[in-house]
Protein chains: 2
Amino acid sequence: MSVYAEDGWRGGVRRMTARPANAHQARLLHLLRDQGPNSRAQLGDQVDLSRSKLAVEVDRLLETGLVVADGLAASRGGRRSHNIRLAPTLRFLGVDIGATSVDVAVTNAELEVLGHLTQPMDVREGPVAVFEQVLALAAKLKDSGLAEGFDGAGIGVPGPVRFPEGVPVAPPIMPGWDGFPVREALSQELGCPVMVDNDVNLMALGEQHAGVARTSQDFLCVKIGTGIGCGIVVGGAVYRGTTGSAGDIGHIQVEPDGRRCACGNAGCLEAYFGGAALARDAEDAAREGRSTALADRLAAAGTLAASDVSVAASAGDATALELIKAGGTRTGQVIAGLVSFFNPGLVVIGGGVTGLGHTLLAAIRTQVYHQSLPLATGNLPIVLGELGPLAGVTGAARLISDHLFSPA
Amino acid sequence: MSVYAEDGWRGGVRRMTARPANAHQARLLHLLRDQGPNSRAQLGDQVDLSRSKLAVEVDRLLETGLVVADGLAASRGGRRSHNIRLAPTLRFLGVDIGATSVDVAVTNAELEVLGHLTQPMDVREGPVAVFEQVLALAAKLKDSGLAEGFDGAGIGVPGPVRFPEGVPVAPPIMPGWDGFPVREALSQELGCPVMVDNDVNLMALGEQHAGVARTSQDFLCVKIGTGIGCGIVVGGAVYRGTTGSAGDIGHIQVEPDGRRCACGNAGCLEAYFGGAALARDAEDAAREGRSTALADRLAAAGTLAASDVSVAASAGDATALELIKAGGTRTGQVIAGLVSFFNPGLVVIGGGVTGLGHTLLAAIRTQVYHQSLPLATGNLPIVLGELGPLAGVTGAARLISDHLFSPA
DNA sequence: ACTCTTTGTCCTGAGACAGGAGAAAGTCAC
DNA sequence: GTGACTTTCTCCTGTCTCAGGACAAAGAGT
């Protein structure tokens, strides 16, 4: 678990030494992050500060090295402006740990993904084994010349997190992680500040930063992967709940006295849909001879995954389509309830199962629009996420940048 | 519709002319409202301002007449302090319009209810008729010497509200109110600022101000009256949703293909519970001879109300108890889903049906604790509201005081 | 009578800040 | 090329905010 112990990364120099000294500077950093390079004049138009005060704060930021002035912009009919931008050497690491895979990416200060690696993995192997892989992937990205080191890292885990401490709590699908000091440990290894959150929340942050939710203040982000979760954004900020388990919708009941669920209850959404349930249903269908396409895949591989259903559906397999539609309807049932309750301005559907695409989306939409009240659905877009596998890592980078770009 | 047009109240002098000039003053007003009289020193301990700056702001507030200094407090071992308090002449009007009744109350600046009147009423009579009653009740309170006039009024209506404009939108149970300019109209009649909100949100505000939710930042307030709604408080503030319909949980589906509901769908919570459903179920039970107690009441009155079930249950009637338990279980089903999703720190149960008391509460608790995940329910109190019929009017007073005690 | 504590007032100096004046560096019309 | 105009950025000055020390007021305790 210490890929970096040897080459001296551990406990190495912290690269980003400065933090904004006040709210004005924090505001400026956020503007530069979200909009890219700006002139002083452009910044001034957005921050409600006098030119003099703005100049002072920009100068101070330049002194810290957090931002740089490089080159002059083209004239717009007068004196040319200086390009103020975030330090081009800043690098954030985004890590998205799923149930069955891990994504790692490097971004610059504007949170553009410069490099991205994915690897199959099983969270149940526990934090030590997973960390080794994460660090190896990070090292590979670093060695490919994308970063000389990291100024901060965000990491998402597939379960509830005690956010202030960055520690998973009672995660059902990753028992070995309970109480493991993720933040502390990763920070030690990387030698930089780290923030930890639920993977679903990070997907919401990612879509908010660079995806479909850019202009939304109140929205839901439903992630359908191995399990099903929901990121909640209220007033532009992620809402995490009292104990960090908000958005845990996989175990909402959709059928009284329905199928047994791994959680011990009956009729949970996850007993009917999600990667795990879908794979199981597909195997059943294959064995019962309801789908030759699925049966062929099963015979070839010995086991089926959600992606097999996706492939079969694309090929027009009726049973596969039916499975997706049924799952979408179940999911739509739950989302309809959430829409009535929360009255969001947008619902984003994402996660691994988005490969199921528009069949799934159509089933969800049908159910929600049919079941929720018109006032709540009247102007409610239900759309697929835009960022795919980059949503999580982008959100992770945004999480840590939000932290570092705030006054200490 | 103008009880006051004659006696010159309409367009009369606005009593509270001043508003806080800055955030510091607003903070001080809120402290004085929530804690009662304070000395300058006590205020200073809570506002992170220097003594000099504090003194300046207090002096300015004294000049405006919003606060007064009356008398000296007992010595605590040194010089005696001046009691700084909100102007004792300030009066707020709180109005809570329910489906079948209206509550009106007068409070002082500390939001203590000085007088309170209730009257049966049917919202479906429309805004004009209801306003007449509200104004008559307000006049009665005024004439009894509790107020010489009102500095502000809050009003709750049983349906979604476009909050910034104070206008009901598409309210299912009060069709005549759609788009009626409640804020504007009441403000004209009373000659003071008015804020309008959903009745459920006001109940949440009331319980937060003076009831069981005093220390909670994130909680749900489920109001079971004629219909069923839910107030959502996030980070201490009421969340109203994108179109003002957040918390509309009465039409969440609890039974796929279940009972038809007035909304056009099937299996809604309100088709199974709430004052209206309960009364109907009780009548059915009476007619079918399942309860002599209820049958007697029905014979006597010709119709049954939820309160009849309450009375029968108190007398030990098994069928009445069963009805309450079944309704509580249904409600618990929905709340369990909301708890998983929202992970609140507290759930408050209130509304007219709280007369059903602990039978109802027990059924809800059983269902929620059984059905939601342990992490979300582990430390989750589910309690009855403390304020009863005063929750709504207290919340209404708080709504307008929050508004008036903020910088203009 | 004396000391100590608490409360409240006054004063001064440091820093935050807005906005005017003007320098720098360009475009554009002629 | 020249002059008029625009845009960007810098510098300066006067105003306002504010913290904290000194001090006055008013009481308790000995």
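Each chain gets a letter, A, B and so on, in the order the sequences are listed, and its residues count up from 1. The model shown is predicted, which means the values in this text are computed figures rather than measured ones.
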Notebook entry, point to check: Quick one: is the NZ or CZ of R91(A) closer than 6.0 Å to the six-membered ring centre of F150(A), and within 45° of its axis?
Noted result: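 The answer is no, since R91(A) fails at least one limit relative to F150(A).
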For atom [atom1] of [X] and atom [atom2] of [N], their distance in whole Å:
| X | N | atom1 | atom2 | value |
| --- | --- | --- | --- | --- |
| H82(B) | dA25(D) | NE2 | P | 13 Å |
| R51(A) | dG20(C) | CZ | P | 8 Å |
| L49(A) | dG19(C) | CG | P | 11 Å |
| L43(A) | dT7(D) | CG | P | 18 Å |
| K53(B) | dG8(C) | NZ | P | 18 Å |
| L72(B) | dG8(C) | CG | C1' | 11 Å |
| I84(A) | dT8(D) | CD1 | P | 13 Å |

Item checked: Nucleotide nearest R80(A) when distance is taken to its side chain, options dG8(C), dG26(C), dT10(D) ->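 Minimum distance to the R80(A) side chain belongs to dG26(C).
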Next item on the list: Among dC17(C), dC9(D), dG8(C), find the nucleotide with the atom closest to the side chain of R40(A).
Entry: dC9(D)
Check: Counting only side-chain N and O atoms of H24(A), is one of them less than 4.0 Å from OP1 or OP2 of dC17(C)?
Finding: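 So the side chain of H24(A) is within the cut-off, an N or O lying under 4.0 Å from OP1 or OP2 of dC17(C).
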Check: Reckon S75(B) touches a base, only the sugar-phosphate, or nothing at all at heavy-atom distances under 4.0 Å?
Finding: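 Sugar-phosphate, no base atom in range.
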Notebook entry, point to check: Are side-chain N/O atoms of Q35(A) and Q42(A) paired as donor and acceptor at under 3.5 Å?
Noted result: no
Notebook entry, point to check: Any luck finding a side-chain donor-acceptor pair between N379(B) and T243(A) under 3.5 Å?
Noted result: no
Can a donor-acceptor pair under 3.5 Å be found between the side-chain atoms of [X] and the base atoms of [N]?
| X | N | result |
| --- | --- | --- |
| S52(B) | dG20(D) | yes |
| S81(B) | dG8(C) | no |
| R79(B) | dT6(C) | no |

Check: Should the pair E63(A)-R60(A) be classified as a salt bridge under the 4.0 Å nitrogen-to-oxygen rule?
Finding: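 No, E63(A) and R60(A) are not salt-bridged.
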